[in-house]
Amino acid sequence: MYKVVLLGSMSVGKSSLAYRYVRNDFREFLPTVGCSFFTQTLKLEEATVKFEIWDTAGQEKYQSVCHLYYRDAHAALLVYDIASKETLKRAKLWLEDLEKKFLPDEIVIALVGNKTDLAAEREVTTEEGEEFARTKGLLFLETSAKSNYQVNDIFMAIGESSDGSR
Ligand SMILES: Nc1nc2c(ncn2[C@@H]2O[C@H](COP(=O)(O)OP(=O)(O)OP(=O)(O)O)[C@@H](O)[C@H]2O)c(=O)[nH]1
């Protein structure tokens with residue numbers, strides 16, 4: 001079992017990314033209450049990875065609850081919305097939190113800029129996300145849960161950076 005936690009501000013699309021990946025579908029309205037999780041099996045050439053994807057609500061009032069859940073995570077997706085600079089700022093704070101709780105080689109962290117379909121409203125350039133990820137040694141991809149852009153790729157990337165033995 002490979003535990004992945006989704007972190008990020010409210011409404012950046014955490015539930016939508018999990019839903020797209022697991023059900024290959026998109027819904028406009030997917031409220032998250034507290035924490036929930038999905039499972040999905042990924043077959044790689046060398047190994048099969050069974051994901052347990054934890055979706056934490058971005059709403060502040062749930063944060064104390066969800067705190068408990070990411071303790072033994074293998075990977076974290078730090079999600080922001082490319083149409084909101086503020087959500088990237090928040091993702092940086094989540095990263096600081098993760099850095100306090102994990103040693104660098106204990107967890108795979110991916111920075112995910114979601115909602116690429118909102119190109120006209122973009123506030124964060126691809127380069128900005130990429131550069132931040134590079135300086136922090138994070139995986140980086142931009143995605144759209146809505147138009148199904150690079151959603152599988154992000155899970156594939158974290159699956160491949162696991163050791164495959166879990
Ligand atoms: N245009 C666009 N909208 C998206 C995308 N992903 C999610 N949304 C929308 O953004 C809103 C929030 O999506 P959620 O998946 O509920 O976001 P969340 O991060 O799980 O939110 P919380 O559970 O409140 O923390 C919904 O209206 C979604 O339909 C995307 O890739 N493109």
Side-chain angles (χ1 to χ4, degrees), residues 2-40 42 51-101 107-130 132-133 136 138-159:
Y2 190 77
K3 182 173 171 181
V4 181
V5 290
L6 290 158
L7 302 173
S9 309
M10 256 180 87
S11 300
V12 293
K14 299 179 297 296
S15 305
S16 300
L17 286 168
Y19 201 71
R20 168 61 77 190
Y21 182 58
V22 175
R23 306 249 196 281
N24 195 19
D25 197 6
F26 179 78
R27 299 278 156 90
E28 287 295 333
F29 188 64
L30 281 175
T32 315
V33 176
C35 298
S36 57
F37 77 91
F38 300 90
T39 58
Q40 177 72 308
L42 171 70
F51 282 120
E52 193 178 275
I53 305 164
W54 287 81
D55 182 16
T56 54
Q59 235 173 321
E60 302 290 341
K61 68 176 174 185
Y62 294 118
Q63 242 136 69
S64 52
V65 183
C66 296
H67 212 67
L68 297 171
Y69 290 118
Y70 67 82
R71 206 162 37 190
D72 50 355
H74 300 106
L77 296 189
L78 280 180
V79 186
Y80 67 94
D81 172 352
I82 62 128
S84 160
K85 245 192 188 341
E86 191 53 41
T87 64
L88 177 59
K89 262 196 218 152
R90 284 284 305 154
K92 292 178 180 178
L93 295 178
W94 281 108
L95 179 63
E96 284 175 17
D97 209 30
L98 283 173
E99 284 172 342
K100 282 185 204 136
K101 295 190 167 63
I107 188 164
V108 174
I109 306 173
L111 182 68
V112 180
N114 189 41
K115 308 197 187 182
T116 55
D117 58 288
L118 300 180
E121 291 149 60
R122 184 187 275 275
E123 287 184 4
V124 182
T125 63
T126 304
E127 293 69 31
E128 197 177 335
E130 217 164 41
F132 176 70
K136 296 290 183 178
L138 315 177
L139 297 170
F140 174 72
L141 269 187
E142 285 191 339
T143 58
S144 169
K146 188 169 186 173
S147 57
N148 195 15
Y149 175 66
Q150 300 201 138
V151 178
N152 285 333
D153 306 61
I154 198 79
F155 286 94
M156 186 81 87
I158 56 174

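Both ligands and their constituent atoms are indexed starting at 1 by order of listing.
- Under a 4.0 Å criterion applied to the non-hydrogen atoms of Glu28, ligand 1 contributes the atoms 26 (C), 27 (O), 28 (C), 29 (O).
- Set against the non-hydrogen atoms of Ser15, the atoms of ligand 1 under 4.0 Å away are 15 (O), 18 (P), 20 (O), 23 (O).
- Ring planes of Phe51 and Tyr21: perpendicular class, angle over 60° (limits at 30 and 60°).
- Only side-chain heavy atoms of Asp117 come within less than 4.0 Å of ligand 1; its backbone N, CA, C and O stay farther off.
- Heavy-atom contacts of Met10 reach the following atoms of ligand 1: 24 (O), 25 (O) (cutoff under 4.0 Å).
- Judged by distance alone, with hydrogens and angles left aside, the side-chain atoms of Lys14 form a donor-acceptor pair with the main-chain N or O of Gly8 at under 3.5 Å.
- Counting heavy atoms under 4.0 Å from ligand 1, residue Phe26 touches it through the side chain alone.
- Close approach of ligand 1 to Ser144 is summarised as follows: ligand atoms under 4.0 Å from at least one heavy atom of the residue are 31 (O).
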Side-chain atoms of residues 138-146: list all donor-acceptor pairs with protein atoms under 3.5 Å, sequence neighbours left out, distances to 0.1 Å.
residue, atom, partner, partner atom, Å
Glu142, OE1, Arg122, NH2, 2.9
Glu142, OE1, Thr126, OG1, 3.1
Glu142, OE2, Arg122, NH1, 2.9
Glu142, OE2, Thr126, OG1, 3.2
Thr143, OG1, Asn114, OD1, 2.9
Ser144, OG, Asp117, OD1, 2.8
Ser144, OG, Lys146, N, 3.3
Ser144, OG, Ser147, N, 2.9
Ser144, OG, Ser147, OG, 2.9

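- Annotation for ligand 1: atoms under 4.0 Å from non-hydrogen atoms of Ser16 are 6 (N), 7 (C), 13 (O), 14 (P), 15 (O), 28 (C).
- Neither the backbone nor the side chain of Thr116 comes within contact range of ligand 1; no heavy atom lies under 4.0 Å.
- Looking at Leu118 next to ligand 1, no N or O pair under 3.5 Å apart turns up.
- Remark: Lys115 does not engage Glu121 in a salt bridge, criterion side-chain N to carboxylate O under 4.0 Å.
- For ligand 1, the polar-atom distance check finds no N/O of Thr143 at less than 3.5 Å from any of the ligand's N/O atoms.
- The closest side-chain donor-acceptor pair between Asp55 and Ser15 falls under 3.5 angstrom.
- The local environment of CZ in Phe38 is crowded, with over 12 non-hydrogen atoms from other residues, nucleotides or ligands closer than 6.0 Å.
- In this structure, Lys89 places its NZ atom where only 12 or fewer heavy-atom neighbours from other residues, nucleotides or ligands lie under 6.0 Å away.
- Here the shortest heavy-atom distance to atom 9 (C) of ligand 1, taken over Lys115, Lys14, Arg27, belongs to Lys115.
- The closest side-chain heavy-atom distance from Ile158 to Phe155 is below 4.5 Å.
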